[in-house]
Amino acid sequence: MRRRSLLIAVPAGLATLAACGDEGSDSGKASDTASPTDPAASAAPSPKIVDGPLPAITAGTKFGEKPTVAKGTGEPSKDLAVRTVIAGGGRTVAENDYIVANYLGQIWATAKVFDNSYDRKTPLLIQLSQGSIIDGWRYGLSGRKTGSRVEMAVPPTWGYGEQGNAQAGIKGTDTLVFVIDIEGTYNASSSAQGTDVPQDDAALPEVGTNTDGKAPSIEVPKTDAPTGLVAEYVIEGDGPEVAADSTVLVQYKGVLWDTGKEFDSSYSRKALTSFSLQQVVKGWAQGLTGKKVGSRVLIVIPPELGYGDNPPQGSGIEKDSTLVFSVDILAAM
C-alpha cells in the first residue's frame, strides 16, 4: 500500500463516476503523519505576511531536493513568515488552485520533522481552499510561482490551532516550519498540453482539440457502439504514466453514445476534479491507467465497465448505456 498524506474522498461532483461496493480501497485512509491537509477549523482572520524570521536551510538547497532545516532561533513571529528561497518562472499560484508540491514540515522549537513528501517520493496534490488545507499554506503560497521553493513559519492560528496534533507531536503552541517546492498549479482554465493525435477511426467519437480551458466537442458517430473498452489519445502529453492506484486531477466531459447528450462535466461546474482511480467505475480506472499526464483521452465505456443495469439515480444515464468521455489528465500522484 502506498503511503499518502492526501486524504481522498469522492467529490460531490463525481457522483456519477463513483464505483460501488469498493470498501477494500485504502485511498480514503489517513496517513500516520500530520500533513497540511489536516486543517483546523478555519475561522482565523487573514494573516499579516512578513519575511521572517525563518530558520536556515543547511542542506538539500536545490529545488526538488529534500531540505535539512535548522532549528528556529529565538521566538518566532506571531505573523505568517514567508520567503521565496528559489524564485520560479512558471504560472502564478492563486487561492483555490490545485497545486502539486513536495514539502517538509518541522517544529520551530525542536526541528523535529513531522512530515515530508520527499521520502514518500510522491508529491502532494491538494487544493488551496478553506477547509482543504491549513490556512498558512492557503495564504502563504498564493501569488508565488511554480518552480519556486518557499519557506514559511506558520503560527498555530494558521496551522493546527490550539488543539495541535497530538499524533504528530505538535502542541497547540507550536509554530511550524515548512519548505515547499511548487511543481505545478491548476485551475478551471487548465487543459491538456501535448501533441494532437490523428483521429482516423470513423467508428469512434471525434473529440475537439482546443486547449483554451473550454469543454471540447464530442461528436458521436451514428453507428453501433463498440463492445469493448476504448481508451485513445486525442492529445498526447509528455508526463509520467498514470498508475492503477494513482490519484488524478482532471477536466472531463461525459456524453451518452445513443443520444450524444451531456450528462456530466467538470467544465460546466467550472471546477477541476481530483479522485483516486480505485474509487471510480472500471472503465475510467482501466482507461486512464498507463496514459501520460498532460494528455486528453477519449474513453468509451461499455455498460459492463460502467453502470450496467444500475445507473446512478438522477444522472440521466439509462440502463445498459455506453458512455463517452473526454478526459484531460492534468496531474497525478
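Along the sequence shown, residues carry numbers from 1.
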How many angstroms lie between atom [atom1] of [X] and atom [atom2] of [Y], to the nearest 0.5 angstrom?
{"X": "Asn187", "Y": "Ile99", "atom1": "CG", "atom2": "CD1", "value": "13.0 Å"}
{"X": "Leu80", "Y": "Ile49", "atom1": "CG", "atom2": "CD1", "value": "5.0 Å"}
{"X": "Lys171", "Y": "Glu162", "atom1": "NZ", "atom2": "CD", "value": "14.5 Å"}
{"X": "Asp135", "Y": "Thr157", "atom1": "CG", "atom2": "OG1", "value": "10.0 Å"}
{"X": "Glu206", "Y": "Asp200", "atom1": "CD", "atom2": "CG", "value": "9.5 Å"}
{"X": "Ile126", "Y": "Met333", "atom1": "CD1", "atom2": "CE", "value": "9.0 Å"}

For [Y], does its backbone N or O pair with a side-chain atom of [X] as donor and acceptor, under 3.5 Å?
{"X": "Asn165", "Y": "Ala168", "value": "yes"}
{"X": "Ser132", "Y": "Leu128", "value": "no"}
{"X": "Ser295", "Y": "Val297", "value": "no"}
{"X": "Ser148", "Y": "Lys145", "value": "yes"}
{"X": "Trp257", "Y": "Ile301", "value": "no"}
{"X": "Ser315", "Y": "Pro311", "value": "no"}
{"X": "Asn210", "Y": "Lys214", "value": "yes"}
{"X": "Ser321", "Y": "Leu323", "value": "no"}
{"X": "Glu183", "Y": "Leu124", "value": "no"}

Check whether any side-chain heavy atom of [X] sits under 4.5 Å from a side-chain heavy atom of [Y], and report yes or no.
{"X": "Gln193", "Y": "Thr211", "answer": "yes"}
{"X": "Ile299", "Y": "Leu288", "answer": "yes"}
{"X": "Ile180", "Y": "Asn102", "answer": "no"}
{"X": "Ser77", "Y": "Pro53", "answer": "yes"}
{"X": "Leu298", "Y": "Pro205", "answer": "yes"}

Between [X] and [Y], does at least one N-O distance fall below 4.0 Å, as a salt bridge requires?
{"X": "Arg120", "Y": "Asp115", "result": "yes"}
{"X": "Asp328", "Y": "Arg296", "result": "yes"}
{"X": "Asp264", "Y": "Arg269", "result": "yes"}

query = With Trp137, which residues qualify under ring pair (Phe, Tyr, Trp, His ring centres under 6.0 Å), at least two apart?
reply = Tyr103, Phe178
Cluster question for you: counting only ILVMFWY and a side-chain heavy-atom cut-off of under 4.5 Å, with indirect links fine, are [X] and [Y] together?
{"X": "Val250", "Y": "Leu305", "result": "yes"}
{"X": "Ile107", "Y": "Tyr160", "result": "yes"}
{"X": "Val207", "Y": "Tyr267", "result": "no"}
{"X": "Val327", "Y": "Val281", "result": "yes"}
{"X": "Leu54", "Y": "Val50", "result": "no"}

Testing the basics here: between [X] and [Y], what is the closest heavy-atom pair and its distance to 0.1 Å?
{"X": "Lys270", "Y": "Ala188", "value": "O-CB, 3.5 Å"}
{"X": "Trp158", "Y": "Val154", "value": "O-CG1, 3.2 Å"}
{"X": "Asp174", "Y": "Pro156", "value": "O-CG, 3.4 Å"}
{"X": "Asp212", "Y": "Ser191", "value": "N-OG, 3.9 Å"}
{"X": "Tyr98", "Y": "Ser274", "value": "CE2-CB, 3.9 Å"}
{"X": "Thr175", "Y": "Pro155", "value": "OG1-CA, 3.7 Å"}

key: Neighbour count above 12 (heavy atom, 6.0 Å) for Glu318 CD   = no
key: Those residues that, when tested against Lys253, pass salt bridge (charged side-chain N to carboxylate O under 4.0 Å, His left out) (two or more places apart)   = none
Which side-chain N or O atoms in residues 227-240 pair as donor and acceptor under 3.5 Å with protein atoms at least two apart or in another chain?
| residue | atom | partner | partner atom | Å |
| --- | --- | --- | --- | --- |
| Tyr233 | OH | Lys292 | N | 3.0 |
| Glu236 | OE2 | Lys292 | NZ | 2.9 |

inquiry  = Test: salt bridge (charged side-chain N to carboxylate O under 4.0 Å, His left out). Region: residues 71-91. Which pairs qualify, not counting sequence neighbours?
reply    = Arg83-Glu151
From CA spacing to verdict: side chain to side chain contact (heavy atoms under 4.5 Å, CB included), Ile317, Leu256 = CA-CA 7 Å; Ile317 301 172; Leu256 301 173; 4.2 Å; yes
For a quick check under 3.5 Å, do [X] and [Y] share a side-chain donor-acceptor pair by atom type?
{"X": "Arg144", "Y": "Thr84", "answer": "yes"}
{"X": "Asn96", "Y": "Ser129", "answer": "no"}
{"X": "Ser266", "Y": "Gln251", "answer": "yes"}

ask   = Can you name the residues that form a side chain to side chain contact (heavy atoms under 4.5 Å, CB included) with Lys66, not counting sequence neighbours?
value = Leu104, Asn116, Tyr118, Asp119
message = Using the side chain to side chain contact (heavy atoms under 4.5 Å, CB included) criterion, which residues pair with Thr61? Sequence neighbours excluded.
response = Ile57
task = Identify the residue among Val85, Leu141, Val93 that makes a side-chain contact (heavy atoms from CB on, under 4.5 Å) with Val150.
result = Leu141
task = Look at the aromatic rings of Phe325 and Tyr252 and report parallel, tilted or perpendicular, splitting at 30° and 60°.
result = tilted
Side chain to side chain contact (heavy atoms under 4.5 Å, CB included) between Leu249 and Phe275, intermediate numbers included = CA-CA 7 Å; Leu249 179 67; Phe275 57 87; over 6 Å; no
key: Audit row: Thr209, Gln199, side chain to side chain contact (heavy atoms under 4.5 Å, CB included) steps and yes/no   = CA-CA 11 Å; Thr209 57; Gln199 301 179 67; 4.1 Å; yes
query = Under the side chain to side chain contact (heavy atoms under 4.5 Å, CB included) criterion, do Tyr186 and Val100 qualify, and how do the steps go?
reply = CA-CA 9 Å; Tyr186 308 92; Val100 175; 3.9 Å; yes
